[in-house]
Undergrad: 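Starting off with a structure, shown below.
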Amino acid sequence: LALFIGGLSLPTIAETLGWRWAFAIVALVSVAGAYGSYRSRQGVSSGAGESHVGGPPGISSAVRWLSIYGLLMGFSGGALFFLPLFAEEDLGQSIKVAGLAVAVVGLTAVVGRILWARFADDGARYRIALTAIAIIAAIGPVLLMSANHSVGYLWLGAVLAGAGVSSWNSVGMLAVIDDASARGAGTASGWVLLGFLLGLGVAPPIYGYTFDTSGSYTTMWAIAAVTAGLALLVMGLWSLSERRRAAA
């Protein structure tokens, strides 16, 4: 939702008041949101008083697979940080259109996370959903790579980015909750998020370097597509591992 609202409003604010004021507004809204979250939790039990026997359980194979999947999806999704620059510099679009492309990603991700989670939660179809998401995440960068030929691919790529690489988290977290006991869900979620955020943090400097050395965003989108393809491979290996375990 923040991507959607920010993509629509911040380019106009930056053009009208300057980028420093745009950043200041983002900071103020973030602080207000944090305070609102804090106030809403007053008087609500955190469950910290509940007693658990023993420490958290070991990391399951499902959490390991999800962590690797999250790492690859995070690395692929890191390319979206450059989407506004790509739209403005490579495609010659205005800063408002570049912001609108980000807004499309955000809006699609809002819908995608809800619908994917509902689909996955019905019959525990987590691996099916994550497989489909990885396929969509691999197609999105290919379309963005083709946007130099037709700007329509920019919007198609943004939609698939929102429905794919920006939507997997809801399904991933549901899979963790379904796999882990109540006692181990926190630890399991932490490992999956560590993988995702590690990929998301490492990717941008690498993508930036590829652009600086080649003068083109093509390499970046290609790497993002390949990385999402590797996430798809991880899902295939996970499914194969589960079938072998069931046969044994």
Undergrad: Give, for atom OG1 of Thr213 and atom OH of Tyr209, the distance between the pair rounded to the nearest 0.5 Å.
TA: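 So the OG1 of Thr213 and the OH of Tyr209 are separated by 5.5 Å.
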
Undergrad: As an exercise, state the distance from CG of Leu10 to CD of Glu15, rounded to the nearest 0.5 Å.
TA: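 Here the interatomic distance stands at 11.5 Å.
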
Undergrad: Can you confirm whether more than 12 heavy atoms, excluding those of Phe211, are under 6.0 Å from its CZ atom?
TA: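 More than 12 heavy atoms, drawn from other residues, nucleotides or ligands, come within 6.0 Å of this atom.
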
Undergrad: Are Ser216 and Ser214 close enough that a side-chain donor and a side-chain acceptor fall under 3.5 Å?
TA: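 Not at all, the side chains of Ser216 and Ser214 share no donor-acceptor pair under 3.5 Å.
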
Undergrad: Testing Thr131, Leu232, Ile133 for side chain to side chain contact (heavy atoms under 4.5 Å, CB included) with Tyr69, which one passes?
TA: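 Going through Thr131, Leu232, Ile133 one by one, the side chain to side chain contact (heavy atoms under 4.5 Å, CB included) with Tyr69 is satisfied by Ile133 alone.
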
Undergrad: Can you say whether the rings of Tyr217 and Phe86 are parallel (under 30°), tilted (30 to 60°) or perpendicular (over 60°)?
TA: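 Tyr217 vs Phe86 ring planes: perpendicular.
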
Undergrad: Would you check if Leu144 and Leu83 make a side-chain contact, meaning some heavy-atom pair closer than 4.5 Å?
TA: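 Yes; the side chains approach each other to less than 4.5 Å.
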
Undergrad: Taking the side chain as every heavy atom from C-beta outward, state whether Phe119 and Ile128 have any pair of such atoms under 4.5 Å apart.
TA: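 Phe119 reaches Ile128 side chain to side chain.
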
Undergrad: Applying side chain to side chain contact (heavy atoms under 4.5 Å, CB included), run through Met173 and Ser189 and close with a yes or a no.
TA: CA-CA 7 Å; Met173 290 300 100; Ser189 299; 4.2 Å; yes

Undergrad: Ignoring hydrogens, what is the shortest heavy-atom contact between Ala161 and Leu80? Give both atom names and the distance.
TA: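 That closest heavy-atom pairing would be CB-CD2, 3.7 Å.
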
Undergrad: Please say whether more than 12 non-hydrogen atoms of neighbouring residues, nucleotides or ligands are located less than 6.0 Å from CH2 in Trp155.
TA: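 Yes, enclosed.
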
Undergrad: Can a donor-acceptor pair be found, under 3.5 Å and without considering hydrogens, that links the side chain of Tyr153 to the backbone of Val142?
TA: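 Judged by distance alone, no pair lies under 3.5 Å.
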
Undergrad: What are the two closest non-hydrogen atoms of Pro84 and Ala98, and how far apart are they?
TA: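 Here Pro84 and Ala98 meet closest at O-CB, 3.5 Å.
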
Undergrad: I'd like to know if Arg125 pairs up with Asp122 as an ion pair, taking the criterion as any Lys NZ or Arg NE/NH1/NH2 lying under 4.0 Å from an Asp or Glu carboxylate oxygen.
TA: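 So Arg125 pairs with Asp122 through a salt bridge.
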
Undergrad: Quick one: pull up CG in Leu71 and CG in Leu194 and give me the separation to the nearest 0.5 Å.
TA: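 Spacing of CG (Leu71) from CG (Leu194) equals 9.0 Å.
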
Undergrad: Cationic tip of Arg64 within the cone over Trp191's six-membered ring, i.e. under 6.0 Å and within 45° of the normal?
TA: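 No, a cation-pi geometry is absent between Arg64 and Trp191.
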
Undergrad: Is there a path of hydrophobic side-chain contacts, each under 4.5 Å between heavy atoms of I/L/V/M/F/W/Y residues, joining Ile95 to Val151?
TA: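 Unlinked, Val151 and Ile95 end up in two clusters.
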
Undergrad: Quick check: closest heavy atoms across Ser61 and Glu242, and the distance to 0.1 Å?
TA: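 Of all heavy-atom pairs spanning Ser61 and Glu242, the closest is OG-OE2, 4.1 Å.
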
Undergrad: Can you measure from CE (Met235) to CG (Leu230) and round to the nearest 0.5 angstrom?
TA: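 It is 14.0 Å, given to the nearest 0.5 Å.
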
Undergrad: Relative to each other, are the rings of Tyr38 and Tyr35 parallel, tilted or perpendicular (30° and 60° limits)?
TA: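 The rings of Tyr38 and Tyr35 sit tilted, inter-plane angle from 30° to 60°.
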
Undergrad: Do Thr16 and Trp21 have side chains that get closer than 4.5 Å, going by heavy atoms?
TA: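 Result no, sub-4.5 Å side-chain heavy-atom pair not found.
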
Undergrad: Ser166 and Arg113: side-chain donor and acceptor closer than 3.5 Å?
TA: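 Note: Ser166 and Arg113 side chains miss the donor-acceptor criterion.
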
